[in-house]
> 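Mind having a look at this structure? Questions to follow.
Predicted model only: the values in this text are computed from it and were never measured. Throughout, numbering of the chain's residues begins at 1 and tracks the sequence.
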Amino acid sequence: MALSHLDRLLLRRMGMSEESSAPTAEEMSAWQLKYLQKTILHAREKSPFYRRHFAGLELESLDSLQAFSALPRVTADDLRAGPEQFLCVSQDEIARAVTVQSSGTTGAPKRIFYTESDLQATVDYFDAGMAHLVAAGQTAFLLMPTARPGGVGRLLVEGLERRGVHIVSHGMVDEVAAAVDHLLQVDADCVIGPAAHLNLLACEWARRGLGHGQIASVLLCWDAPSTAVVHNIERIWGCRAYRHWGMIETGLGGAVQCAPHSGMHLREADIFLEITDPETGQPLPDGKFGELVLTTLQRWGMPLIRYRSGDLGRILADTCPCGSTSRRLDPWIRRLPQDSSPLLTIDELNEALYSVAGLADFSASLAPGRLGILACGRGGSLESAIRVALKKIPTIFRAIELGSLQISIEIKNDGRPAVPGLAKRCLQIDEER
């Protein structure tokens, strides 16, 4: 079986010939351990944070992945408290800095720094990772900004242009009818964007009765897409919808679904990923769900070592039919449960509400005794369908039966997203009310 473009990229990054067979699990583990050793010694020497973080630890004798997994973890709060303390190079060597205020967080934002080599590694990954979605001479339609140098949209454009793909950037979706008009005008083969915005476009497409035949592939990014959104897009457009997982901490790309849709292959040359017990940080076996803890490889400007992502997922244990030996993430990735909202999660709402016929998008807020839904869609029975769908969530059903929860639903039909811009979707919690 021919090697995938991602496998060939991996071989190049490992210093092996692209004519070689895919690296074995043993070869990959040995290579990653070598770079983990280099990363932690480099970080302890150059970074004020890691000098304190690793104080008193004997790092020179670290000789196994098991020993590496005993190192202390890094948290998002550590990043917020002093991002510059993580730097291992002069700020003159930093080509791009990304500042992100996490959804629902009131403290300082996270700030991640990239060198030029970090950005080019991401371009390489986008080039290889998109190869099975869109080919040279075809057109990709982007629902994200592409003007900012070093931004994810710009890096994606650079990777696709290298492959000979024609790029059309629509930018953020503000009005869905205009976006669909633009998509039809350029006759795009592939559409790339946030799951919520893609669902909005697909629903408008269905409303117009446009049918199948134009769109061949879709990449869902930004937020972890629900199964309901994937089904909507594949049903309405008659295409293959591919999922992607990534964070600013992973260098914007982390894992992408392969052609057989059997899991998301990890960016093994740039990230070492552990699935761990959230309480102890100890690694869990393949097939078990746990917290995703990541370590960057060959990223010398701002390395992250055993960084707690706050995401819940698992590594698939079986062999991938695509032939790649790189590890695969289960596409089912969710945020770890938060104590602040024991009643329900945004993931439960996504699965329940995006399955409702006629609902294109929504936002939700939760206050003591009240759940508010702003729904974008059409149809006189939409509100009653939403109420039926909400009752399928066990905690919501029990709360309604006990009379401890009132649900208010507002329907709008202005063709605009429920949440403007590219803010990640979350359940807005109002604890004061």
Side-chain angles (χ1 to χ4, degrees), residues 24-44 47 49-81 86 102 110 224 245-247 249-251 254-255 263-299 302-319 325-339 342 345 347:
T24 65
E26 293 75 17
E27 289 173 331
M28 175 56 60
S29 294
W31 183 85
Q32 289 184 322
L33 178 60
K34 179 178 72 172
Y35 275 93
L36 291 172
Q37 293 166 333
K38 289 183 177 182
T39 297
I40 59 176
L41 294 176
H42 169 76
R44 185 184 62 179
S47 156
F49 171 82
Y50 287 113
R51 196 172 301 123
R52 298 189 301 269
H53 191 64
F54 292 140
L57 299 179
E58 183 55 57
L59 300 181
E60 285 79 6
S61 60
L62 188 146
D63 59 359
S64 69
L65 295 179
Q66 291 75 18
F68 174 80
S69 294
L71 293 177
R73 293 171 291 176
V74 172
T75 69
D77 286 339
D78 292 326
L79 279 181
R80 294 186 185 101
F86 283 77
S102 296
K110 290 183 289 187
W245 171 78
M247 310 166 63
E249 293 92 335
T250 65
M264 299 188 296
H265 286 277
L266 285 166
R267 187 180 173 182
E268 299 269 40
D270 299 298
I271 301 166
F272 176 67
L273 189 72
E274 304 167 83
I275 306 297
T276 69
D277 182 306
E279 297 297 324
T280 67
Q282 290 301 302
L284 298 173
D286 291 354
K288 297 290 186 180
F289 281 98
E291 183 178 13
L292 277 59
V293 172
L294 65 97
T295 300
T296 57
L297 302 172
Q298 304 190 75
R299 204 163 100 191
M302 186 186 187
L304 294 177
I305 301 171
R306 302 211 73 217
Y307 175 79
R308 300 188 63 176
S309 70
D311 283 341
L312 183 71
R314 66 172 178 169
I315 296 292
L316 296 173
D318 57 337
T319 301
T325 57
S326 63
R327 293 181 300 157
R328 291 166 297 138
L329 270 175
D330 189 321
W332 194 96
I333 295 178
R334 299 292 183 263
R335 295 298 292 170
L336 282 170
Q338 301 296 313
D339 293 338
T345 67
D347 300 311

> Could you grab the distance from atom CD1 of I333 to atom OG of S309, nearest 0.5 Å is fine?
8.5 Å
> Compare all side-chain heavy atoms of T295 with those of Q32 and state whether any distance is below 4.5 angstrom.
no
> Tell me every residue that passes salt bridge (charged side-chain N to carboxylate O under 4.0 Å, His left out) with D318, counting only those two or more places apart in sequence or in another chain.
R328
> Side-chain polar contacts of residues 55-65 - donor-acceptor pairs under 3.5 angstrom, sequence neighbours left out - could you list them?
unit_1, atom_1, unit_2, atom_2, d
E60, OE2, R44, NH2, 2.4
S61, OG, E58, O, 3.4
S64, OG, A67, N, 3.0

> Only one of T250, L336, I275 clears side chain to side chain contact (heavy atoms under 4.5 Å, CB included) with L292; which?
I275
> Give, for atom CD of E249 and atom CZ of R299, the distance between the pair rounded to the nearest 0.5 Å.
8.5 Å
> Hey, could you give me the NZ/CG distance between K34 and L297, rounded to the nearest 0.5 Å?
11.0 Å
> Looking only at non-hydrogen atoms, find the nearest pair between K110 and A76 and report the distance.
CD-CB, 4.0 Å
> Just verifying a value: how many Å separate Y50 OH and T39 OG1, rounded to the nearest 0.5 Å?
9.5 Å
> Could you go through the side chain to side chain contact (heavy atoms under 4.5 Å, CB included) check for F272 and L294 one step at a time?
CA-CA 6 Å; F272 176 67; L294 65 97; over 6 Å; no
> Checking T296 side chain against L304 main chain: does a donor-acceptor pair fall under 3.5 Å?
yes
> Checking the side chain of D78 only, and the main-chain atoms of T75 only, is there a donor and an acceptor separated by less than 3.5 Å?
yes
> Parallel, tilted or perpendicular, judged at 30° and 60°: which one describes the rings of F86 and F49?
parallel
> Under the side chain to side chain contact (heavy atoms under 4.5 Å, CB included) rule, what do Y307 and L79 come out as? Steps first, then yes or no, please.
CA-CA 10 Å; Y307 175 79; L79 279 181; 3.5 Å; yes
> Between R327 (side chain only) and L273 (backbone N and O only), is there a donor and an acceptor less than 3.5 Å apart?
yes
> Are the side chains of S326 and M28 in contact, using a 4.5 Å heavy-atom criterion?
no
> Please report the C-alpha distance between M247 and W245 in whole Å, then the side-chain angles of each, then the deciding distance to 0.1 Å, and finally whether the side chain to side chain contact (heavy atoms under 4.5 Å, CB included) criterion is met.
CA-CA 7 Å; M247 310 166 63; W245 171 78; 3.8 Å; yes
> Can you check side chain to side chain contact (heavy atoms under 4.5 Å, CB included) on T24 and E27, steps first, answer last?
CA-CA 5 Å; T24 65; E27 289 173 331; 3.2 Å; yes
> For A255 and L329, which heavy atoms make the closest approach, and how far apart are they?
CB-CD1, 4.1 Å
> Provide the full list of salt bridge (Lys or Arg N to Asp or Glu O under 4.0 Å) pairs with a residue in residues 303-314, sequence neighbours left out, each pair given once.
E274-R306, E291-R308, D311-R335, R314-D330
> Hey, what do you get for CD1 (I40) to OH (Y35), rounding to the nearest 0.5 Å?
15.0 Å
